[in-house]
Engineer: 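Sending over a structure as structure tokens; questions will come in a sec.
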Protein chains: 2
Amino acid sequence: MATIHDVARAASVAPSTVSRHINGHSVRQSEAIERAIEELGFRASASARNLRKGSTQVIAMIVPDIQNPYYAATVAGAEEVGRENGLRLVLCNTDEDIELEKAVLRDIVGRVDGVILVPASERSSTALFEAPSAIPLVLMDRETLGPRRFDTVTIDNFRGGTLAAQHLLDLGHRDVAIITGPLTASQSSARERGFLETFAAARFVVPERFIERGNFREDGGYQAALNILSAADRPSALFVINNMMSMGALRAIGHLGIKVPDNLSLLCFDQLPCEGVISPRISTIRRPMQEQGAMAMRLLVTRLRAGDREHEPRTLTLPVELSIAASTQRLAGGGDRGGSYTAA
Amino acid sequence: MATIHDVARAASVAPSTVSRHINGHSVRQSEAIERAIEELGFRASASARNLRKGSTQVIAMIVPDIQNPYYAATVAGAEEVGRENGLRLVLCNTDEDIELEKAVLRDIVGRVDGVILVPASERSSTALFEAPSAIPLVLMDRETLGPRRFDTVTIDNFRGGTLAAQHLLDLGHRDVAIITGPLTASQSSARERGFLETFAAARFVVPERFIERGNFREDGGYQAALNILSAADRPSALFVINNMMSMGALRAIGHLGIKVPDNLSLLCFDQLPCEGVISPRISTIRRPMQEQGAMAMRLLVTRLRAGDREHEPRTLTLPVELSIAASTQRLAGGGDRGGSYTAA
DNA sequence: CGAGAAAGTGAAACCGATTTGAGTTGATCA
DNA sequence: TGATCAACTCAAATCGGTTTCACTTTCTCG
């Protein structure tokens with residue numbers, strides 16, 4: 001590989017002049033340099049540049065599950081804002097695995113200028129970002145324990161839970177079940193609290209057997225839904241706390257031959273991958289996904305620009321809304337339209 | 001940030017000794033060094049190490065659409081093989097955009113030891129990888145024009161097309177439509193050829209108006225399906241060439257109130273995101289997705305190990321198979337089971 | 001025209017690790 | 001004890017760019 005020295009020699013100038021040319025300064029011999037670059041097929045070494053400049057213009061986004069379309073949407077938002085600011089985005093997967101996450105963080109720090117992290121758990125290790133000289137970290141969606149606070153873009157998870165509960169209450173549901181996530185995931189526990197507390201406030205208690213914990217993935221939702229729905233006394237409504245587990249729940253509902261919404265009202269959190277394709281449409285709690293990623297990147301850019309650790313970490317909380325469709329129905333209300341999820 | 005020199009001073013040894021310790025050589029003062037590293041919070045600079053070593057232990061995988069679960073699955077396969085070989089995988093998105101792809105490649109080359117690329121088009125620029133000194137490139141799924149050949153992991157796309165056609169022929173379908181991709185995408189055109197030629201061989205010609213080209217994405221599939229299915233004379237069967245466009249087609253089918261398989265047999269390529277959730281189950285052409293990613297990474301590792309450009313580029317072609325479900329039905333055959341995609 | 005400012009240049013230092021080459025230390029064996 | 005060899009160690013060179021500093025050239029304007 002040709003180096004900047006080769007180019008300099010070919011163009012009869014000093015390496016520093018070539019460097020200046022590359023970096024947009026005006027240079028007298030620019031045509032000769034350009035020609036030499038072309039002929040030698042010169043590409044500046046990223047490592048050398050990074051080393052000297054101390055920056056890479058790359059941001060890493062670390063998510064627990066790239067298969068989840070929610071993350072894909074946030075990535076799109078972050079990518080766009082990054083592009084506007086001359087930053088490249090790379091993506092890493094942690095499979096909801098806190099050990100893998102730790103390894104990824106260790107490997108990636110030092111190769112990028114900043115990180116957007118969706119923590120696998122509230123116990124995720126942010127130690128690498130706690131030193132004052134560390135690169136900036138923005139958390140998304142979930143929060144972490146630990147001594148230091150970071151910029152965070154979250155949504156009003158608690159309100160999402162209350163909206164869901166209130167909707168089901170309004171429809172007359174009293175025996176409701178919830179499929180939620182591990183206790184260590186702050187976003188699902190907030191949704192869960194919002195849901196349970198709203199029911200409690202209405203003097204209805206969700207019994208233990210109607211609270212199942214899954215792993216946020218399709219198989220977890222499937223298993224949890226089977227547990228809840230194959231018992232003798234079934235709830236009249238089910239709230240599933242994220243989209244992938246909702247997919248699993250839908251599969252279980254199909255296997256069990258349960259009709260939605262006639263035999264069960266179903267309410268999910270986040271847009272489903274199958275949206276638009278199944279019938280009846282699913283009622284969901286929604287949030288601005290793309291915007292969430294964009295916001296995370298904006299916070300990061302601000303930190304990078306400012307270079308200051310001065311101002312306090314900011315937490316942005318985006319709103320959620322209830323999107324009512326056909327999967328939730330008034331309890332014992334006669335309406336009979338709506339399809340079936342029965343297995344073929 | 002502490003450097004290796006700071007550690008060396010704190011431990012009263014030379015920087016080179018610290019370096020050796022870090023890299024696993026036996027060193028007398030290892031405890032003192034370890035203590036110094038701990039105290040100073042030392043992390044070796046990736047840039048400096050990359051510059052000196054000329055390698056990064058990172059592989060980039062560049063895909064046209066991270067929202068597509070097919071890619072997510074291949075990523076998982078590649079990631080695992082990478083991990084076994086001490087390589088970290090980062091992911092970049094190109095949105096099926098050849099210009100963006102070019103920019104991503106330019107930025108990423110020099111930061112990684114190798115690239116797995118799913119080209120956005122056969123005209124994708126692989127120029128950066130053509131020099132003998134360039135880092136290795138493995139192509140996945142699609143092939144590119146251009147002077148040099150690269151290691152490639154593909155599937156038997158042509159056979160996928162013929163399997164699809166033969167299945168529909170066997171069921172008695174004669175008036176069939178196909179939703180395919182741009183002419184510049186080799187994988188879809190191979191599937192398309194397999195499909196059309198098989199019909200032609202059976203002396204049935206698929207008319208132009210039954211051949212629609214989409215952009216591989218949900219909206220493209222929706223539009224294409226609308227075009228084909230809202231005409232007066234509809235085909236009795238539809239073959240959709242990839243999963244995301246299949247989702248769009250399903251949505252269109254729902255909007256138009258067409259019953260599958262009673263009024264239309266539907267056959268798709270690749271597993272759908274909504275699989276397991278909708279009814280009737282969709283007949284599909286399938287392939288080993290995870291294995292495909294794993295193979296790509298193995299080819300890359302081989303190149304990296306060998307360091308040789310000697311042996312010819314290899315092309316691995318993985319098999320496809322037909323998975324028959326309820327969405328394809330014998331033409332005019334009475335069977336009446338199977339659900340409906342009617343919009344709620 | 002000449003002073004002063006502006007623009008451009010090259011040599012050398014620098015970023016922070018690894019590697020080389022030339023010792024130094026310590027153990028082993030005759 | 002002295003020779004031989006293995007195991008370590010250090011100073012210096014190196015990777016390939018960018019930046020600084022001191023200097024030269026060119027432009028501007030009274």
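Quick caveat, the model's predicted, so the values are computed rather than measured. Residue numbers begin at 1 in each chain, while the letters A, B, ... track the order of the sequences.
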Engineer: Taking five pairs at each end, how big is the angle between the two axes of the helix from dC1(C)-dG30(D) to dA30(C)-dT1(D), to 10°?
Structural biologist: 30°

Engineer: Arg52(A): which residues meet the side-chain contact (heavy atoms from CB on, under 4.5 Å) condition with it, sequence neighbours left out?
Structural biologist: none

Engineer: Regarding Asn50(A) and Thr56(A), do their side chains bring together a donor and an acceptor under 3.5 Å, going by distance alone?
Structural biologist: no

Engineer: Using a heavy-atom distance cut-off of less than 4.0 Å, which residues of residues 36-51 of chain B contact DNA chain D?
Structural biologist: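 DNA chain D contact set from residues 36-51 of chain B: Leu51(B).
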
Engineer: Once side-chain contact (heavy atoms from CB on, under 4.5 Å) is applied, do any residues pair with Thr315(B), and if so which ones, sequence neighbours excluded?
Structural biologist: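 For Thr315(B) the side-chain contact (heavy atoms from CB on, under 4.5 Å) partners, ignoring immediate neighbours, are Thr152(B), Thr154(B), Thr317(B).
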
Engineer: With sequence neighbours excluded, what pairs up with Thr3(A) under the side-chain contact (heavy atoms from CB on, under 4.5 Å) test?
Structural biologist: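 Partners of Thr3(A) under the side-chain contact (heavy atoms from CB on, under 4.5 Å) test: His5(A), Asp6(A).
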
Engineer: Pairs under 3.5 angstrom only: tabulate donor-acceptor contacts from the side chains of residues 34-45 of chain A to other protein residues two or more places apart or in another chain.
Structural biologist:
from	atom 1	to	atom 2	distance (Å)
Glu34(A)	OE1	His21(A)	NE2	2.7
Ser45(A)	OG	Ser47(A)	N	3.4
Ser45(A)	OG	Ala48(A)	N	3.0

Engineer: Considering all heavy atoms of both residues, which atom of Arg303(A) and which atom of Asp151(A) are nearest to each other, and what is their separation?
Structural biologist: NE-OD2, 2.7 Å

Engineer: Tell me which pairs pass salt bridge (Lys or Arg N to Asp or Glu O under 4.0 Å) where either residue lies in residues 11-30 of chain B, with sequence neighbours left out.
Structural biologist: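 Found none.
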
Engineer: How close or far is atom C1' of dT18(D) from atom CD1 of Ile33(A), stated in whole angstroms?
Structural biologist: 15 Å

Engineer: Who passes side-chain contact (heavy atoms from CB on, under 4.5 Å) against Ala72(B), sequence neighbours left out?
Structural biologist: Ile66(A), Gln67(A)

Engineer: Under a plain distance cut-off of 3.5 Å, with no hydrogens placed, do Gln292(A) and Arg287(A) share a side-chain donor-acceptor pair?
Structural biologist: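 Checked: Arg287(A)/Gln292(A) side chains pair up, N/O donor to acceptor below 3.5 Å.
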
Engineer: Quick one: is Thr17(B) getting a side-chain N or O under 4.0 Å of the dC10(D) phosphate, OP1 or OP2?
Structural biologist: yes

Engineer: Restricting to nitrogen or oxygen on both sides, can you table the protein-nucleotides 20-28 of chain C pairs closer than 3.5 Å?
Structural biologist:
none

Engineer: Give Val18(A) one of three labels, base, sugar-phosphate or nothing, depending on what nucleic acid heavy atoms sit under 4.0 Å from its own.
Structural biologist: nothing

Engineer: How would you list, by chain and number, every residue that makes a salt bridge (charged side-chain N to carboxylate O under 4.0 Å, His left out) with Glu122(B), sequence neighbours excluded?
Structural biologist: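 Here no residue qualifies.
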
Engineer: Less than 6.0 angstrom from the centroid, inside 45 degrees of the normal: does Arg142(A) satisfy that with respect to the ring of Phe216(A)?
Structural biologist: yes

Engineer: When Ile135(B) is tested against each of Ile108(B), Val115(B), Ile59(B) for side chain to side chain contact (heavy atoms under 4.5 Å, CB included), which residue passes?
Structural biologist: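 Checked Ile108(B), Val115(B), Ile59(B) against Ile135(B); only one passes side chain to side chain contact (heavy atoms under 4.5 Å, CB included): Val115(B).
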
Engineer: Taking only residues two or more places apart in sequence, or in another chain, which ones meet Asp95(B) in a side chain to side chain donor-acceptor pair (under 3.5 Å)?
Structural biologist: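 Result, side chain to side chain donor-acceptor pair (under 3.5 Å) vs Asp95(B): none returned.
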
Engineer: What parts of residues 3-15 of chain A reach DNA chain C, counting only heavy atoms under 4.0 Å away?
Structural biologist: Val13(A), Ala14(A)

Engineer: Nearest whole Å is fine: how far is dT9(D) P from His25(B) NE2?
Structural biologist: 12 Å

Engineer: Rounding to a whole Å, what distance do you find between Arg111(A):CZ and dA17(C):P?
Structural biologist: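 So the CZ-P distance, Arg111(A) to dA17(C), works out to 13 Å.
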
